[in-house]
Amino acid sequence: MIDILNKDTFLILDGGMGTMLQAMGLPLGGIPELWNLEAPEKITAIHKQYVDAGSDVVYTNTFGCNRLKMARTGKSVQELIAAAVRNARNSGAKYVALDIGPIGHMLEPTGTLKFEEAYDIFREQIEAGADADLIVFETMSDLLEVRAGLLAAREHGGGRPVFVTMSFEESGRTFTGCSISAMALTLEGLGADAIGVNCSLGPEELVPIVEELCRWTTLPVIVKPNAGLPDPVTNTYNFTPEKFAACIRPFAEMGAVVFGGCCGTTPAHIRAAASLLKTLAPVERHPQIPPAVCTANQTVTITEPRIIGERINPTGKKRFKQALMEHDIDYILNQAIQQIDAGADILDVNVGLPEIDETEMMVSAVKAIQGITDTPLQLDTTDPAALEAGLRIYNGKPIVNSVNGEEESLQTVLPLVKKYGACVVGLTLDKGGIPKTAEGRFRIAKRILDRALSLGIRREDVFIDCLTLTASAEQEGVMETLHAVERVKKELGLRTVLGVSNISFGLPSRELVTRNFLTMALYAGLDLPIINPNVESMTAAVRTYKLLANFDHNAVDFIAHYGGEQAAAPAPKPASGGTMELGAAIGAGLKSEAGTLTKAMLETTEPMVIVNEHLIPALDKAGAEFEKGKIFLPQLISAASAAQAAFEAIKAYLSANSTETVNRGTIVLATVKGDIHDIGKNIVKILLENYGYQVIDLGKDVPYEAVVEAAEKYHAPLVGLSALMTTTLPSMEGTIKLLNERCPWCRTVVGGAVLTPDYAEAIGADFYAKDAKETVDIAKKVFQN
Amino acid sequence: MKTPQAVDLPQAFHFMGMRGEPDVRMWETAKSCEQMLLAMVQPRFVYLVCPVTPAPEGIVCAGTTLILRGKDIAAHLSGCSRAVLMCATLSAGADAAIRKASAQDVLRGMMTDAMASALTEQVCDAAEREIMDTMPGVYSTWRFSPGYGDLPLETQGDFLRAVNAEKRLGVTLSESGLCIPTKTVTAVFGLSESPVSKGKRGCVICSMAEHCPYRKQGGHCYD
């Protein structure tokens with residue numbers, strides 16, 4: 001690796017390329033990359049101006065040079081990038097950096113680009129620019145996209161240095177909400193060589209952002225600001241070179257060491273900055289970075305006890321196992337939301353079951369959970385393949401649960417922890433089992449720590465689990481666990497984890513035992529209790545401890561939860577005062593009442609009787625009123641949601657008591673390829689499920705092939721397709737065509753805002769449904785039930 | 001720009017196909033969705049003022065690669081020497097809010113989506129006001145968007161590039177031509193030194209008129 005960065009000197013990058021090209025006549029919206037081939041001498045001349053101005057590094061003219069953005073040029077990424085590197089090299093620059101900007105298509109779940117595709121797009125650019133001396137990603141906004149790029153650079157960049165700069169707004173967040181701490185924790189973990197900021201703001205607005213970044217990373221910090229802010233009328237930037245240079249000084253004083261300019265900066269700006277930097281010396285930084293985990297949008301520091309929610313785990317839970325077997329991601333998401341609402345700071349994710357492909361499920365679950373919450377995750381698996389797959393796509397810095405003192409475990413898990421920059425839970429057990437004494441467990445903890453440190457894992461990223469034993473079986477072991485926690489915390493300076501529920505197994509009043517043990521463990525130094533946060537007394541014990549141990553200053557959090565106002569009064573009960581009918585609860589859209597009433601009815605009534613005599617008639621009534629215009633879509637959906645709660649109670653009952661399920665027929669649903677609107681499809685889904693149909697929901701932006709495969713796999717008699725945009729109607733037609741070829745038994749029903757009955761017929765659909773209610777009527781017809 | 005303090009809830013309910021007054025529980029659900037949405041969005045906009053001139057292939061926006069094609073936009077900008085190209089977005093936070101609400105339940109998902117649509121209009125109105133405040137004495141037409149009338153939806157790509165929406169707003173185009181984040185609007189409005197006929201947004205040239213659910217019920221999407 002070339003020694004680009006050294007402690008004694010600043011590294012000077014170049015300034016704006018687009019700015020220079022526009023001054024030479026490139027229109028707004030023109031394609032700068034084409035000039036690499038069409039006007040190579042102009043490009044080299046610009047680079048040369050920067051070299052003359054003092055730039056050590058010039059960025060190739062390849063900001064948007066990826067296969068998606070270049071598709072409309074008719075030129076290949078390879079020829080454009082090769083020419084760009086040549087043009088930069090011809091300037092005589094000390095170092096040539098391969099410049100890579102955002103792909104220009106947003107990744108899932110907000111956009112449609114898959115992580116793996118993004119990785120491959122970057123890989124192609126990196127390989128095409130193999131002759132550059134280093135690789136830079138700039139103007140990045142989406143942390144997940146950066147992760148794809150950085151991984152590609154680490155795996156295909158031949159060991160060349162990789163710099164990453166992201167663009168922040170005044171709020172301290174990028175456009176996609178990524179925070180400064182999340183950027184630093186994640187990218188330093190993944191092995192970037194220098195990180196920093198570029199574009200978006202002028203230098204003055206960047207001061208607090210760079211200050212914060214310097215607190216969160218030990219890496220060299222890059223600052224590459226715009227020349228002020230653009231004027232929307234003249235489209236020019238307003239900082240003179242002198243003003244720009246003056247603004248650079250505070251960054252150097254806070255410890256940034258790599259400088260350049262972005263939009264609106266010219267060789268004159270760089271010259272002014274370079275001459276200022278000659279008068280200064282780099283400032284050494286010694287940031288104290290706290291132990292922390294994060295997602296792109298949320299950082300959780302482990303500087304006080306934090307709750308890890310344990311509920312996403314099939315062990316001992318029939319309903320959860322059933323959800324995994326049915327690939328029911330919504331069920332998992334609900335478990336996630338409930339725990340977060342109850343007070344979980346981090347969620348453990350365990351989706352292992354012998355009957356399923358754990359790797360695939362880990363990826364689906366992590367993607368889905370990260371699509372709806374910002375809470376950091378703990379990936380909990382014993383399968384190294386599932387672990388690596390989860391680590392690859394996790395957006396942020398997760399916890400790995402777990403490694404133990406056995407050689408094989410150390411050798412398999414720790415390199416993955418290091419490569420992906422995760423935190424890790426070390427279990428104090430090894431081949432010999434769990435040592436009986438605190439001393440034995442402490443020794444294993446030390447062994448795990450030493451190995452982690454030798455691989456370059458930060459001390460702050462190692463958490464130790466001293467293992468809770470059952471008090472009923474090994475009463476003398478309880479205090480050993482707590483002593484071990486104390487020693488690991490004090491003598492090794494590590495954070496500690498404990499799953500506490502085990503303590504009370506086999507005893508009466510389990511909650512009492514568990515809660516008291518939890519408090520004792522917190523006092524002994526437990527940082528990360530793994531608990532069921534939905535049990536209020538457990539969460540309350542943690543909150544109370546944090547109050548008493550002076551973590552919750554002025555009891556702000558405690559009072560917010562338990563002080564003053566009582567929780568909102570429950571929804572008013574119907575006037576009759578007595579118990580409500582299930583049908584009435586559904587009609588009124590009362591979700592929790594519908595669930596509670598169903599549970600009560602299940603004690604005396606057959607599940608199918610409840611479905612046929614209560615649920616369905618209530619839905620029919622709501623449907624009829626909807627058709628007559630007496631109620632409207634929100635009320636219909638409200639009723640459907642209440643019916644869903646009733647159905648969930650029935651499902652839980654059935655999976656606990658038998659293998660029988662309610663199934664009037666299987667229907668595959670999808671929003672077609674290219675379309676990401678799924679609200680309408682979700683409404684159809686819930687109504688169909690209410691009526692007892694098994695819905696295989698393929699989600700949105702679904703390829704033709706995936707729809708056909710599902711129709712084949714389930715031999716589905718009916719497939720429902722939704723599209724909201726005129727531009728995605730051809731996808732609907734394509735899907736139907738392939739379905740008709742491959743699944744002649746299958747009928748299709750289509751719907752969506754832009755569809756008409758005539759159009760549905762023209763594209764070969766069997767049915768057109770104007771709304772969700774009509775889809776149910778069509779299903780009844782197709783299944784003749 | 002600042003996030004509006006409230007969502008235009010009547011408009012959101014209108015988008016949901018609701019007629020009449022929602023009951024108390026429905027309002028409560030709506031208020032809770034509104035709070036979450038407002039906390040998660042970061043509305044922002046960019047604009048560019050450029051001279052516009054009619055040419056055989058369409059309206060040429062000077063200094064950019066953008067050409068606005070079709071007779072409707074030509075009529076809309078007639079008498080205007082300059083136009084504002086504007087792009088406003090609620091940010092990816094709106095999409096995240098809709099996803100989160102949908103995972104909670106379908107009703108909340110639908111409500112949050114409708115509210116985000118209403119909020120996008122509010123943000124566009126505020127952006128337009130802010131832009132026009134910088135040009136006292138200048139008159140403007142109403143906002144005309146790609147996909148409306150015979151201005152092709154395919155205009156979006158050049159439009160976003162002209163205002164540098166990717167770099168300055170984080171707005172991109174999906175392969176199927178959809179702006180992402182989804183709660184994003186691109187619009188052009190003409191500028192003139194003398195009063196211009198504001199005209200009115202109407203159904204006559206709307207490409208959705210044929211199957212518009214609001215029209216079927218005798219209403220409009222914009223009232």
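Protein chains get the first letters and strands the later ones, always in sequence-line order, with residue 1 at the start of each.
Here NZ of A/K69 is found 9.0 Å from CZ of B/R161. Values are rounded to the nearest 0.5 Å. Atom CE of B/M110 and atom CD1 of A/I637 lie 3.5 Å apart (nearest 0.5 Å). Between A/D678 atom CG and B/S102 atom OG the span is 6.0 Å, to the nearest 0.5 Å. Separating the CG atom in B/L66 from the CG atom in A/L28 is a distance of 10.5 Å, to the nearest 0.5 Å. Rounding to the nearest 0.5 Å places OG of A/S731 at 10.5 Å from CD of B/E175. To the nearest 0.5 Å, atoms CE (B/M18) and CG (A/L633) are separated by 10.0 Å.
Of the atoms belonging to A/S171, it is side-chain heavy atoms, and not backbone ones, that fall under 4.5 Å from chain B. Only the side chain of A/F63 comes within contact range of chain B, with heavy atoms under 4.5 Å apart. With a 4.5 angstrom heavy-atom cutoff, A/I683 touches chain B via backbone and side-chain atoms both. Interface residue A/T139: only side-chain heavy atoms are found under 4.5 Å from chain B. Contacts of A/K591 with chain B are made by side-chain atoms alone, with heavy-atom separations under 4.5 Å and no backbone atom involved. In this structure, chain A has no heavy atom under 4.5 Å from any part of B/R108. Of the two parts of B/Q104, the backbone and the side chain both hold a non-hydrogen atom closer than 4.5 Å to a non-hydrogen atom of chain A. The parts of A/P102 that come within reach of chain B are both its backbone and its side chain, each placing non-hydrogen atoms under 4.5 angstrom from that chain. Heavy atoms closer than 4.5 Å to chain A are found in the backbone of B/L173, but not in its side chain. Both the backbone and the side chain of A/Q635 come within contact range of chain B, each with at least one heavy atom under 4.5 Å from a heavy atom of that chain. Proximity to chain B (any heavy atom under 4.5 Å) is shown, for A/D330, by neither the backbone nor the side chain. If you measure heavy-atom distances from B/T182 to chain A, the contacts under 4.5 Å come from the side chain alone.
Checked by atom type and distance alone, the side chain of B/S176 never pairs as donor or acceptor with a backbone atom of A/T727 at under 3.5 Å. Using modelled atom types, one side-chain atom of B/R25 and one backbone atom of A/G589 make a donor-acceptor pair closer than 3.5 Å.
None of B/D105, B/T29, B/D23, B/L107 except one satisfies the side chain to side chain contact (heavy atoms under 4.5 Å, CB included) rule with A/S638; the exception is B/L107.
In this structure, the side chains of B/D113 and A/H677 stay at 4.5 Å or more apart for every pair of heavy atoms. Between B/K167 and A/C262, some side-chain heavy-atom pair lies under the 4.5 Å cut-off. Side-chain contact between B/I180 and A/T110 is present, with at least one heavy-atom pair separated by less than 4.5 Å. In this structure, the side chains of A/I679 and B/I98 come closer than 4.5 Å at one or more pairs of heavy atoms.
Looking only at heavy-atom pairs under 4.5 Å with chain A, the residue among B/V106, B/V163, B/N164 that has the most is B/V106. Contact count versus chain B (heavy atoms, under 4.5 Å) is highest, among A/P109, A/G111, A/G101, A/G629, for A/P109. Comparing B/R44, B/E154, B/M40, B/E28 by heavy-atom pairs within less than 4.5 Å of chain A, the highest count is held by B/R44. Per-residue counts of heavy-atom pairs under 4.5 Å with chain A were compared for B/M135, B/K100, B/R99; the largest is that of B/R99. Between chain B and the residues A/S141, A/S641, A/G371, the most heavy-atom pairs under 4.5 angstrom are made by A/G371. Of the residues considered (B/G170, B/P181, B/C50), B/G170 shows the highest number of contacts with chain A, using heavy-atom pairs under 4.5 Å. Per-residue heavy-atom pair counts under 4.5 Å with chain B were compared for A/G18, A/P634, A/G674, and the maximum is reached by A/P634.
Listed here is the closest heavy atom pair of A/G30 and B/T65: N-CG2, 3.7 Å. Contact detail for A/T112 and B/S174: the closest heavy-atom pair is OG1-CB, 4.4 Å.
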